[in-house]
There are 2 protein chains.
Amino acid sequence: MPEELFKTVSSSRVSQVIVDQIRLLLKEERLKPGDRLPSERELCVHFGVSRVTVREALRILEASGLVEIRVGARGGAFVTTPDARQVGEGLATLLSLSPLTAAEVTEARLVVELGIVPLIVERATQEDLDALRVMCDEHTEALERGEYTMELSADFHTRVAACTHNAAIKMLVESFHGPLLMSLRQAQTVEPQMGRLGSKEHRDFVEAVAARDLDAATATMNAHLQRTASRVKEEHAEGDTAG
Amino acid sequence: MPEELFKTVSSSRVSQVIVDQIRLLLKEERLKPGDRLPSERELCVHFGVSRVTVREALRILEASGLVEIRVGARGGAFVTTPDARQVGEGLATLLSLSPLTAAEVTEARLVVELGIVPLIVERATQEDLDALRVMCDEHTEALERGEYTMELSADFHTRVAACTHNAAIKMLVESFHGPLLMSLRQAQTVEPQMGRLGSKEHRDFVEAVAARDLDAATATMNAHLQRTASRVKEEHAEGDTAG
DNA sequence: AATGGTTTAAGGTCATACCAAAATACCAGC
DNA sequence: GCTGGTATTTTGGTATGACCTTAAACCATT
């Protein structure tokens, strides 16, 4: 008896069916960001299910980052505009719970951030360069005041990624520097000389990009990232995999 | 009156509080993959809330890919082992709804898959090479039978990424080739000569890696990816950004 | 005009009941 | 003794209906 005759009876949850329907509407753009779904009670009669079921569906959609739920009059479920921050955050959440070592994530980061240097050298606009230079100045000042944090460094790397003018890449790098993933790395405080060196490398990189000097830019970024990587490794005392 | 006296009362959702608590247990590894949470009714009395609330919390955790819910006796919420497939899927869901163009994603993919070639050349084991060769043979056969699909190609790239022996990178590449993201790209069917050429490039790449020839491996992969990229671009008729 | 209460629409929570599915235990029949 | 069906129990899934909280809008008083 060919068992292909019987399609796996998917007695999936009613709430899941509702989720799928709404998700489909989103995909087909029949629901656009900012739109408001009917109220829970309206959805009940619309789908012919109880409010509990509708609410479960909304919880799932909310957890997936597809809708945002506001209470009060004029409240309801609103389709969210999917921004990079959210995507990166969701990614980071899963990453932080997956069995990845800090060394692995750092290496992945190294590949990406080094791989995009050619794009940056090629595409960075004057605006990009100005913004980066301003950032470097601010960081120098923060350093003087002893207020230089990893977060500032992360901001720099994120802004650099934006120079590719590729939203996917920007998103990727942002997720590497996301808040949740940052907590993975213990090195929140930066020793003064460390920060000073890192800050100088940032500035050198910007100038190399400004000069459209791919080799110099790559070399600078490479040295910068390798130094960070080795720090992560020694912190975790498992620096025996990489050659 | 100094208004700092009053701290903003945060009356977040009860279900969210429960989610946070369980998430914390996961993060602290007091709950490990495979563990089973108490039944819904037990959680009710434990948290002192109603079953509806507990269920909403479970829906959120389930949607986040942290637990899996099974029905029946001995059912309940089980902590999932976070695997790459799941991570990639969640990522792809958001990506497919974010305003990323296929061209952008393709470029990001190009950066990553090209950037990891040095790692692969350095780290690929004999097992890796054997597996890749077997894969190439199978693909050739599939090609003869006219059964060569994009999925097979995706499998190859995923297996290649695994040669880095870095779970983060493997996960990243997998997410690029995930099922949902695949649906973004229309090119599901592969024209015979296209598949033949791609398949040959796969094989050339493997041999270059086997010979530990970084330049050849990079060049081969680059050509292969560039060809794919240009196809995506022409399909979307917006190939005017890249130089 | 500004303040403060009231209405109203919406989500948030609770309690109870019943249904469905899955694992187990048990029991009849061969 | 083994097989196959049936009952029970455990657990999630759904439905109702009620009540509370929030936030916006509306209105009345000063």
Side-chain angles (χ1 to χ4, degrees), chain A residues 1 6-23 25-26 31 33-80, chain B residues 1 3 6-23 25 31 33-80:
Chain A
M1 178 170 51
F6 307 105
K7 49 189 71 171
T8 150
V9 45
S10 66
S11 79
S12 64
R13 275 189 287 239
V14 177
S15 55
Q16 190 58 50
V17 175
I18 296 179
V19 168
D20 291 341
Q21 284 201 32
I22 295 178
R23 205 174 254 163
L25 291 180
L26 286 171
L31 278 177
D35 285 359
R36 173 178 171 262
L37 302 186
S39 75
E40 295 184 350
R41 286 158 176 99
E42 284 178 85
L43 288 172
C44 289
V45 302
H46 186 300
F47 287 112
V49 299
S50 83
R51 211 177 136 211
V52 181
T53 306
V54 167
R55 285 176 61 77
E56 290 198 356
L58 291 179
R59 283 292 89 75
I60 294 173
L61 290 170
E62 189 186 26
S64 310
L66 302 185
V67 304
E68 171 197 7
I69 287 166
R70 294 204 276 268
V71 308
R74 299 296 178 82
F78 292 80
V79 179
T80 59
Chain B
M1 176 171 53
E3 45 202 72
F6 306 106
K7 49 189 72 171
T8 158
V9 329
S10 69
S11 75
S12 63
R13 271 195 288 239
V14 177
S15 54
Q16 190 58 51
V17 175
I18 295 178
V19 168
D20 291 341
Q21 284 202 31
I22 295 178
R23 205 173 254 162
L25 291 180
L31 277 176
D35 286 358
R36 173 179 172 265
L37 301 186
S39 73
E40 294 184 353
R41 288 164 175 90
E42 283 178 86
L43 288 173
C44 289
V45 302
H46 186 299
F47 286 112
V49 299
S50 84
R51 223 182 121 204
V52 180
T53 306
V54 167
R55 285 176 61 76
E56 289 198 356
L58 291 179
R59 283 293 89 74
I60 294 173
L61 289 171
E62 189 186 26
S64 310
L66 303 185
V67 304
E68 171 197 6
I69 287 166
R70 295 204 276 268
V71 304
R74 297 296 173 83
F78 292 80
V79 179
T80 59

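First the proteins, then the strands, lettered A, B, ... as listed; each starts at 1.
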Using the rule given for salt bridge (Lys or Arg N to Asp or Glu O under 4.0 Å), can you reason through B/Arg59 versus B/Glu62, listing the C-alpha separation, both sets of side-chain angles and the distance that settles it, and then say yes or no?
CA-CA 5 Å; B/Arg59 283 293 89 74; B/Glu62 189 186 26; 3.2 Å; yes
With side chain to side chain contact (heavy atoms under 4.5 Å, CB included) as the criterion, how do B/Glu56 and B/Thr53 come out once you've worked through the C-alpha distance, each side chain's angles and the decisive distance to 0.1 Å?
CA-CA 5 Å; B/Glu56 289 198 356; B/Thr53 306; 5.7 Å; no
Nucleotide of C/dG12, D/dT14, C/dC14 approaching A/Arg55 most closely (side-chain heavy atoms)
C/dG12
Tell me which of A/Glu62 and A/Ala73 sits closer to the 5' end of DNA chain C, going by the nucleotide each one is nearest to.
A/Ala73
Which comes earlier along DNA chain D counting from the 5' end, the contact point of A/Gly72 or that of A/Glu56, where each point is its nearest nucleotide?
A/Glu56
Going by the side chain to side chain contact (heavy atoms under 4.5 Å, CB included) test, name the single residue among A/Cys44, A/Ser15, A/Ser39 that passes it with A/Val54.
A/Cys44
So does A/Arg74 have more than 12 non-hydrogen atoms from other groups sitting under 6.0 Å from CZ?
no
Of the options C/dC14, D/dA24, D/dT14, whose atoms approach the side-chain atoms of B/Val49 most closely?
C/dC14
Counting only side-chain nitrogens and oxygens, does A/Thr53 get under 4.0 Å of the OP1 or OP2 atom of D/dA15?
yes
Considering only D/dT14, D/dG13, C/dT24, which nucleotide approaches the side chain of A/Val14 most closely?
D/dT14
From C/dC14, D/dA24, D/dG12, pick the nucleotide closest to the side chain of B/Val71?
D/dG12
Which residue lies more 5' along DNA chain C, comparing A/Gly75 with A/Val52 via nearest heavy atoms:
A/Gly75
Between C/dA23 and B/Arg74, is there an OP1 or OP2 to side-chain N/O distance shorter than 4.0 Å?
no
Hey, does the side chain of A/Arg59 come within less than 4.0 Å of C/dG12's phosphate (OP1/OP2), counting only N and O?
yes
Just by modelled atom types, is the B/Gly75 backbone N or O under 3.5 Å from a matching donor or acceptor in the B/Arg36 side chain?
yes
Per the under-4.0 Å heavy-atom filter, residues of residues 34-47 of chain A near DNA chain D come out as A/Arg41
Would you please test B/Ile22 and B/Leu61 for side chain to side chain contact (heavy atoms under 4.5 Å, CB included) and show each step?
CA-CA 9 Å; B/Ile22 295 178; B/Leu61 289 171; 3.7 Å; yes
For A/Arg51 and D/dC20, give me the distance from atom CZ to atom P, rounded to whole Å.
14 Å
In short, A/Val67 meets A/Thr80 closest at the heavy-atom pair C-CG2, 3.5 Å
What's B/Ile69 touching, base or sugar-phosphate or nothing? Going by heavy atoms closer than 4.0 Å.
sugar-phosphate
What is the distance, rounded to the nearest whole Å, between atom CZ of B/Arg70 and atom P of D/dG13?
13 Å
